Amino acid sequence: MVIRLDRDEARRIAVRAQLVSADRPADIVETVDGLTVVNIDPTAAVAPSAELILWSRLGWPFQPADLARAAEVDRTVFEWTGFYRPMSDLALYRPTMRGAPHYARTREWLAANDRFHRDVLARLRADGPVRSSEIPDTSQVSWPSSGWTNDRNVTQLLEILAGCGEVAVAGREGKERRWDLAERVYPAEVEELTLDEARTRRNERRLASLGIARAKAAGQPVEPLDVGHAGEEAVVDGVAGTWRVDPAAVGAPFEGRTALLSPFDRLVFDRRRAEDLFGFEYILEMYKPAAQRRWGYFALPILYEDRLVGKLDAAADRKAGVFRVAAIHEDAPFTEEMADAVHLEIRELADWLGLDVTGLA
C-alpha cells in the first residue's frame with residue numbers, strides 16, 4: 001500500500017523528525033541521536049554550524065561547552081568525516097571503516113607511505129591526543145592535489161586513518177582537532193555487522209531523522225540524503241515521484257515554532273527536497289562575489305511553524321559586540337504575528353551569542 005500525504009502533512013513530518021517542532025529534545029545526546037548527524041562546518045559568520053544546529057533544537061539550555069564535554073569526556077558523541085554522530089551508532093559505521101580507503105589512489109599513497117603511517121601511530125601511542133601540527137611529516141611520498149590538501153601530508157594521513165577507524169578525533173582546541181588512537185576514543189565492545197546490515201540500519205535511522213525522503217537522491221561524498229527501501233512508499237499531492245516515509249511519523253500531532261537554521265541543517269541541506277516539500281529556494285552564497293548574492297554571505301533559513309518562509313542575512317561582529325542584521329528576506333510578506341516571532345527569535349539568538357542586536361527594526 002502506498003501512503004498518500006498532502007504537502008502540509010509531509011512538511012510537518014519533516015519538521016517534527018528534525019526536532020524543530022515545539023516539542024524540544026531534552027539534551028545533546030537526545031538531539032544528536034534524533035538527528036543522527038550534526039554538520040561540523042567551521043564557518044562562524046554567526047556561530048559554528050554544529051553549535052547553531054544544536055541551539056536551534058535545544059535553545060538556551062545549550063552551551064558549546066556541553067558539546068565538548070559530550071565528545072571529549074562523556075564520549076556519548078563522536079566526530080567522523082565532518083559530522084558529530086551518536087556513539088551508539090558506531091557499529092553502523094564500522095563496516096565502512098573496515099573497507100576504507102575506497103579509492104585506488106588513496107590506497108596507493110598509503111602503501112607508499114608505510115613508514116610514515118607507522119611513525120604517526122607510534123607518535124599517537126606515545127603522546128596522544130595531539131594536534132596535527134605536533135606530528136612530524138616523515139612522508140616518503142607527498143600528497144598531490146590541485147586544492148588545499150596539496151602537501152598537507154600529516155592532515156591527509158590522519159583523515160585517511162580516521163576513515164579507516166585506526167585513529168579518531170579525541171577533542172578540539174578551538175578549530176584544531178586533537179587526534180588519538182581510535183581504541184582510546186571508541187568503546188571496546190561494538191556490535192559486529194555486515195556492510196549490508198549496517199547500510200540497512202543506517203537507511204532506517206536516516207529516514208527516522210528526516211521523516212520523509214527520496215529512495216534515491218543526488219549523491220553526496222560522505223553522508224547520503226536518500227534512504228533506499230527504508231520505511232513505506234508514499235506520494236505527496238502536487239509533487240512528482242515517490243517518497244519513502246517513516247510510518248510511525250504519519251498522523252502524529254504537530255505544534256510548530258520559529259527557528260533560525262544553519263545553511264548546513266539537514267532540514268534544508270537537500271535543496272531539491274526543500275523545494276519539493278516547502279517550495280523553498282536556497283543557495284549558500286558564501287562562495288559568490290558579494291555583488292551576485294541575493295540573500296547574503298551566510299543567510300539563515302527561517303522556519304515558521306511548518307513552513308520555510310525566508311532568509312536572515314546577519315553576522316556576529318564579536319569585536320564590536322553586536323549581531324548585525326543586514327536584511328530579513330521574506331519569501332512572501334510576513335504577517336504581523338510572523339514578523340514578531342522572527343524578531344523574537346533573532347533577539348534570542350543574539351542574546352545566546354552574548355551580543356546586542358543592530359539593524360533590526
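Bear in mind the structure is a predicted one, so any value in this text is a computation, not a measurement.
Between W179 and S132, the closest heavy-atom pair is CD1-N, 4.0 Å. Among all heavy-atom pairs drawn from V20 and A259, the shortest one is CG1-CB, 4.5 Å. For the pair T138 and Q140, the tightest heavy-atom approach, listed with the atom from each and the gap, is O-NE2, 2.8 Å. The two residues V239 and D276 make their nearest non-hydrogen contact at CG2-O, 3.4 Å. For the residue pair N39 and I53, the shortest heavy atom distance occurs at N-CD1, 4.0 Å. Considering all non-hydrogen atoms of both residues, L210 and A17 come closest at C-CB, 3.5 Å.
A chain of hydrophobic side-chain contacts below 4.5 Å, direct or via other Ile, Leu, Val, Met, Phe, Trp or Tyr residues, connects L58 to W352. Under the 4.5 Å side-chain heavy-atom criterion for ILVMFWY residues, a single connected hydrophobic cluster contains both L308 and F264. At a threshold of 4.5 Å between side-chain heavy atoms, the hydrophobic network of Ile, Leu, Val, Met, Phe, Trp and Tyr places F62 and V38 in one connected group. Note: the hydrophobic cluster containing M97 does not contain L158 (ILVMFWY, side chain heavy atoms under 4.5 Å, direct or indirect links). Note: the hydrophobic cluster containing V185 does not contain V167 (ILVMFWY, side chain heavy atoms under 4.5 Å, direct or indirect links).
Within the 4.5 Å cutoff, the side chain of P42 has no heavy atoms near those of the P48 side chain. A heavy-atom distance below 4.5 Å is found between the side chains of P86 and R205. Taking the side chain as every heavy atom from C-beta outward, R272 and L277 never approach each other to under 4.5 Å. In this structure the side chain of V236 reaches within 4.5 angstrom of the side chain of I212, judged on heavy atoms. A heavy-atom distance below 4.5 Å is found between the side chains of I135 and V130. Using a 4.5 Å heavy-atom threshold, the side chains of L90 and P187 count as touching. At least one side-chain heavy atom of D265 sits less than 4.5 Å from a side-chain heavy atom of Q18. Two residues are said to be in side-chain contact when any heavy atoms from C-beta on lie closer than 4.5 Å; R57 and R24 fail this criterion.
Salt-bridge annotation for R178 and E72: present, with a side-chain N of the basic residue lying under 4.0 Å from a carboxylate O of the acidic one. The residues R85 and D89 are annotated as not salt-bridged, no charged nitrogen and carboxylate oxygen being separated by less than 4.0 angstrom. The pair E9-R12 fails the salt-bridge criterion, with no side-chain N (NZ, NE, NH1 or NH2) lying under 4.0 Å from an Asp/Glu carboxylate O. Between R125 and E183 no salt bridge is recorded (no basic side-chain N to carboxylate O distance below 4.0 Å). R214 has no carboxylate O lying under 4.0 Å from a charged side-chain N of D270, or vice versa, which leaves the two without a salt bridge. In summary, E223 and R206 engage in a salt bridge, as defined by a charged side-chain N under 4.0 Å from a carboxylate O. At a threshold of 4.0 Å, the pair E159-R177 counts as salt-bridged, since one of the basic side-chain nitrogens sits closer than that to a carboxylate oxygen. The pair D237-R7 does not meet the salt-bridge criterion, since no charged nitrogen lies less than 4.0 angstrom from a carboxylate oxygen.
No donor-acceptor pair closer than 3.5 Å links the side chain of R324 to the backbone N or O of T358. Judged by distance alone, the side chain of N113 and the main-chain N or O of F116 form no donor-acceptor pair under 3.5 Å. For the pair R4 (side chain) and A234 (backbone), a donor-acceptor distance under 3.5 Å is absent. Under a 3.5 Å cut-off, the side chain of R123 and the backbone N or O of E134 do form a donor-acceptor pair. Using modelled atom types, no side-chain atom of R244 and backbone atom of D226 make a donor-acceptor pair closer than 3.5 Å. Side chain of E197 to backbone of L193: no donor-acceptor contact under 3.5 angstrom is found. Remark: side-chain polar atoms of E285 are paired, donor with acceptor, to backbone N or O of R294 under 3.5 angstrom. Side-chain atoms of R184 do not come within 3.5 Å of backbone N or O of A168 as any donor-acceptor pair. E330 contributes a side-chain N or O that, together with a main-chain N or O of F334, makes up a donor-acceptor pair within less than 3.5 Å.
Distance check: L312 CG to L261 CG gives 11.0 Å after rounding to the nearest 0.5 Å. A distance of 6.5 Å separates CG in D27 from OG1 in T31, rounded to the nearest 0.5 Å. Atom CG of residue L35 and atom CG of residue L54 lie 7.5 Å apart, to the nearest 0.5 angstrom. With rounding to the nearest 0.5 Å, the separation of CD1 in I13 from CZ in R16 is 6.0 Å. Separating the CD atom in Q156 from the CG atom in L110 is a distance of 10.5 Å, to the nearest 0.5 Å. Going from atom CZ of R94 over to atom CG of L92 covers 12.0 Å, rounded to the nearest 0.5 Å.
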Checklist entry - F78 and Y84: ring pair (Phe, Tyr, Trp, His ring centres under 6.0 Å), yes or no, with the steps? => result CA-CA 5 Å; F78 71 102; Y84 286 111; 9.3 Å; no
Walk me through whether E166 and L121 qualify under side chain to side chain contact (heavy atoms under 4.5 Å, CB included). CA-CA 9 Å; E166 289 189 55; L121 292 182; 3.4 Å; yes
- Start with the C-alpha distance between F278 and V268, add both sets of side-chain angles, then the distance that settles side chain to side chain contact (heavy atoms under 4.5 Å, CB included), and finish with yes or no. CA-CA 9 Å; F278 293 87; V268 297; over 6 Å; no
| field | Criterion salt bridge (Lys or Arg N to Asp or Glu O under 4.0 Å) on R271 and E281, from CA distance to verdict | value | CA-CA 7 Å; R271 312 302 191 208; E281 181 187 1; over 6 Å; no
*Could you go through the side chain to side chain contact (heavy atoms under 4.5 Å, CB included) check for I328 and L360 one step at a time?*
CA-CA 9 Å; I328 299 174; L360 186 62; 3.8 Å; yes
- So S21 and D23, side chain to side chain donor-acceptor pair (under 3.5 Å) or not? Walk me through it. CA-CA 5 Å; S21 64; D23 186 16; 5.8 Å; no
Start with the C-alpha distance between R347 and D351, add both sets of side-chain angles, then the distance that settles salt bridge (Lys or Arg N to Asp or Glu O under 4.0 Å), and finish with yes or no. CA-CA 6 Å; R347 295 187 187 282; D351 285 347; over 6 Å; no
Item to complete: Kindly determine whether T96 and R202 satisfy side chain to side chain contact (heavy atoms under 4.5 Å, CB included), including the steps that lead there.
Response: CA-CA 11 Å; T96 300; R202 283 176 68 175; 3.4 Å; yes
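Using modelled atom types and a 3.5 Å distance limit, the side chains of D196 and T194 yield no donor-acceptor pair. Counted by atom type alone, D74 and T76 present zero donor-acceptor pairs between their side chains at under 3.5 Å. Counting only N and O atoms by type, the side chains of E348 and W60 include a donor and acceptor under 3.5 Å apart.
Taking the centre and axis of the six-membered ring of F298, the NZ or CZ atom of K311 falls outside the cone set by 45° and 6.0 Å. Both the sub-6.0 Å distance and the 45° axial angle are satisfied by R105 relative to the ring of W143.
Environment of NZ in K216: sparse, with no more than 12 heavy atoms of neighbouring residues, nucleotides or ligands closer than 6.0 Å.
By the 30° and 60° cut-offs, the orientation of the rings of Y93 relative to W80 is tilted.
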